[in-house]
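In what follows, every heavy atom counts, from backbone to side chain, and hydrogens, waters and symmetry copies are set aside.
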Amino acid sequence: MAASDGARAGGGYPPGVATASANPGGATRAQTVIAVGALTVAAVMDGLNATIFDIAGGHIAGSVSAAPDEATWLNLAYFMAKVCGLPMTALLLTWLGTRRLLSWAIILLMVGSAGCSLAPNLGLLVICRVLQGLSGAAIIVGGQSWLFGRFEHNRQGLIQAIFALGAIMAPTTAAPAIAGVITDAASWDYVLLLNLPVGLLVLAAMPLIAPRRSVTVVKPDWPGIALICSGLPALVYVLVEGSRWDWLEDTKIVALSLVAAAALSACLLWQLSPRNRSPLIDLRIFRHEEFAFGFVVSFVAGFALFGSAFLIPAFTLEVLQFPARDAGLVLLPSALTVGLGLLTSGSVIQFLRAPPVVIVPFGIVIFMTAMWLLSGSNAESGYPDLMPALVLRGLGMGLLFIAVTIICLGDLTGAEIPHGVGLFNLGRQMGGLIGVAFLATSLEHHMALSRAALVDHLGSGNWAAAQGQSEIVRALSARGLSPEQAQSAALATLDRMVNGQAAAISFNEAFLTLALLFVVAVPCLLVVKFSLTLLGRKRPPKQPKNRLGYPAFVAHAPSHDRRGLADVGS
């Protein structure tokens, strides 16, 4: 098996990832800029696919006459496929190489987007959503792995910030705005059809990603793949649908919870087993103190990131009664400051040589302040009231994400990189799903309590409520309604007002929960960091590595151990 002559500073490079030399493969600066831009735009395409159902779910379900229970599979299929694809992309990189993998991912994404637009029934629509999820996982892991292998460690701050504009800013801020505007102005399928011309442009830039290299053949870890593809979809179903089915009160949720626990536990044991000659996931990277700590932080950050991205559009739709376009646009100011935070954090790390861990507290404090401000919103709030909180939320997220990324992945080398990138993104994605599930359950619980308290207050001889109801009855009677009709309409109006107030109170509690999340999480993270530091001191010192990422005394590692180190191309 052939290996490239260039090597990344401090170690080898992962399968399918270009080396961190100044000019790999003869690429010019302009070609490199185009390649980085293409990967960022590809991540934006995935962001549109990830958020389209949240904004236009009703429109999509209506296009195939799907009932609400059936329509949920459109979201489930996407996330099930994506979480399964994230840990398996490292294997695909060794088979296909970066250029082939990303090219096929873009093609599948385009096919899935066109198929969603043209699908005549729910079944085909679900299959197309699976294609979108798998392609999204390949784009994120393959693209980010190539960036870590292509650029030196001291240049990762700004490079990762640019890629995060597509991977983080798009699905959590910009994509809902784009999807909302297009859905209201034209149709939801135009959002997905937008991926076709953009995908062709990205596909044209793929030859700049990696030079041609030899292909590496790795034996698939079929038991690991089977367990991953059994456990993760079951867990996603439980997290997404658990709140709707009252969690453990439903036998299906209980059964799938047991399946997820058994399959994922078995997968973990199999990956660590010495009998497994070619593990699907390289769990040895958790021996890196920085990666282990960053993985935990990424999980918490995903909880906050996707939790807030779920709450804000839901608040504007359910409480403020915004149309889809305005619900999407409300996050646009946050998108601008997310980009500012990403680029600021990346620049400070790269040019000022600031340790990433120093930036984390600033991001946490700013994000907490934003959620605290949102917790004071009510049914009469508008854009001017939400703007300061949304701006701060975006800035805090941007500062936090890049710092966590560099902490977690910055020290990985060689074939560790795609495994680390896959696990890092999986941790953030699962943290987000758990955050959304927790907040959805919390909203439902607080909604019931708030409504009961309000109804009890209104029904206990409240003079103001009685007076208000009488005024509504008189106004409706003046418009020609009979006394019975006016009374019934007045009660319905009061019921809507009570529901609106209960929803506003519940969302305020949810925003406050996110503000207090880090009050609980920070001490726990400090305990994790301290524990990992103690464990690191007990381990023997690391051996210096040669350019292939092996200990310096290993002159020529056996070919079966060096699998995946070549930069395999098209």
Side-chain angles (χ1 to χ4, degrees), residues 39 42-54 57 60 72-93 101-102 104-113 115-116 125-145 163-164 166-168 170-172 175-176 179 192 195 199 225 227-241 260 263-264 267 280-281 295 298-299 301-303 305-307 309-310 418-437:
L39 291 176
V44 174
M45 295 166 63
D46 175 58
L48 282 173
N49 294 335
T51 57
I52 181 63
F53 187 82
D54 294 332
I60 298 174
T72 57
W73 279 101
L74 298 175
N75 219 25
L76 284 168
Y78 175 84
F79 285 109
M80 285 178 176
K82 191 165 189 178
V83 298
C84 288
L86 289 172
M88 291 194 292
T89 303
L91 175 63
L92 295 176
L93 276 169
L101 175 69
L102 291 174
W104 278 109
I106 297 297
I107 292 171
L108 285 179
L109 187 147
M110 294 166 63
V111 170
S113 298
C116 285
L125 199 54
V126 169
I127 293 174
C128 291
R129 290 291 283 169
V130 169
L131 294 180
Q132 288 180 330
L134 291 174
S135 61
I139 288 169
I140 297 300
V141 179
Q144 198 167 27
S145 296
F163 184 72
I168 298 300
T172 58
L192 298 179
N195 283 331
I225 292 174
L227 291 170
I228 283 285
C229 291
S230 300
L232 286 179
L235 181 58
V236 168
Y237 186 93
V238 169
L239 293 175
V240 174
E241 293 292 291
L264 295 178
C267 181
L280 178 66
I281 305 171
F295 178 83
S298 74
F299 182 88
F303 188 108
L305 176 71
F306 289 98
F310 157 75
H419 289 282
V421 171
L423 288 173
F424 172 74
N425 284 280
L426 179 63
R428 189 183 74 244
Q429 190 74 63
M430 295 309 300
L433 289 173
I434 291 173
V436 171

Trainee: Residues in side-chain hydrogen bond (donor to acceptor under 3.5 Å, both in side chains) with Gln429, at least two apart?
Mentor: none

Trainee: Would you say the side chain of Leu86 lies within less than 4.5 Å of the side chain of Leu232, judging by non-hydrogen atoms?
Mentor: no

Trainee: Has the side chain of Ser113 got a donor or acceptor atom that lies under 3.5 Å from a matching backbone atom of Met110?
Mentor: no

Trainee: Of all residues at least two apart in sequence or in a different chain, which pass the side chain to side chain contact (heavy atoms under 4.5 Å, CB included) check with Met45?
Mentor: Leu109, Asn195, Val198, Val202

Trainee: Could you list the residues that satisfy ring-ring contact (aromatic ring centres under 6.0 Å, His included) with Tyr237, not counting sequence neighbours?
Mentor: Trp73

Trainee: Give the minimum heavy-atom separation between Val44 and Gly166, together with the two atoms involved.
Mentor: CG2-CA, 3.5 Å

Trainee: Under the ring-ring contact (aromatic ring centres under 6.0 Å, His included) rule, collect the residues that match up with Trp104, sequence neighbours excluded.
Mentor: none

Trainee: Would you please name every residue forming a ring-ring contact (aromatic ring centres under 6.0 Å, His included) with Phe295, sequence neighbours left out?
Mentor: Phe286

Trainee: With Ser298, which residues qualify under side-chain hydrogen bond (donor to acceptor under 3.5 Å, both in side chains), at least two apart?
Mentor: none

Trainee: For Leu74, enumerate each residue passing the side chain to side chain contact (heavy atoms under 4.5 Å, CB included) test, keeping only those at least two apart in sequence or located in another chain.
Mentor: Phe53, Ile60, Leu122, Leu125, Val126, Arg129

Trainee: Testing the basics here: between Pro418 and Ser145, what is the closest heavy-atom pair and its distance to 0.1 Å?
Mentor: CA-OG, 3.3 Å

Trainee: Quick one: are Cys229 and Met88 in side-chain contact, heavy atoms under 4.5 Å?
Mentor: yes

Trainee: Does Leu264 reach the side chain of Leu235, with side-chain heavy atoms less than 4.5 Å apart?
Mentor: yes

Trainee: Looking at Ala50 and Tyr78, what are the two nearest heavy atoms and their distance?
Mentor: CB-OH, 3.5 Å

Trainee: How would you list all residue pairs meeting salt bridge (charged side-chain N to carboxylate O under 4.0 Å, His left out) that involve residues 133-144, not counting sequence neighbours?
Mentor: none

Trainee: For residues 131-145, which residue pairs pass the salt bridge (charged side-chain N to carboxylate O under 4.0 Å, His left out) check, not counting sequence neighbours?
Mentor: none

Trainee: List for me each residue that meets side chain to side chain contact (heavy atoms under 4.5 Å, CB included) alongside Ile434, sequence neighbours excluded, and say none if there are none.
Mentor: Leu239, Phe299, Phe303

Trainee: Minimum heavy-atom separation for Ala138 and Leu102, please, with both atom names.
Mentor: O-CD2, 3.8 Å

Trainee: Can you name the nearest heavy-atom pair linking Ala105 to Ile139, along with the distance?
Mentor: CB-CG1, 3.9 Å

Trainee: Take Val240 and Leu433, measure what side chain to side chain contact (heavy atoms under 4.5 Å, CB included) needs, and give me the verdict at the end.
Mentor: CA-CA 7 Å; Val240 174; Leu433 289 173; 4.2 Å; yes

Trainee: Mind checking side chain to side chain contact (heavy atoms under 4.5 Å, CB included) for Ala301 and listing every partner two or more places apart, or none if nothing turns up?
Mentor: Leu400

Trainee: How far does SG of Cys84 sit from CG of Leu134, to the nearest 0.5 angstrom?
Mentor: 8.0 Å

Trainee: Please, which pairs that meet salt bridge (charged side-chain N to carboxylate O under 4.0 Å, His left out) have at least one residue in residues 72-88, sequence neighbours excluded?
Mentor: Asp46-Lys82

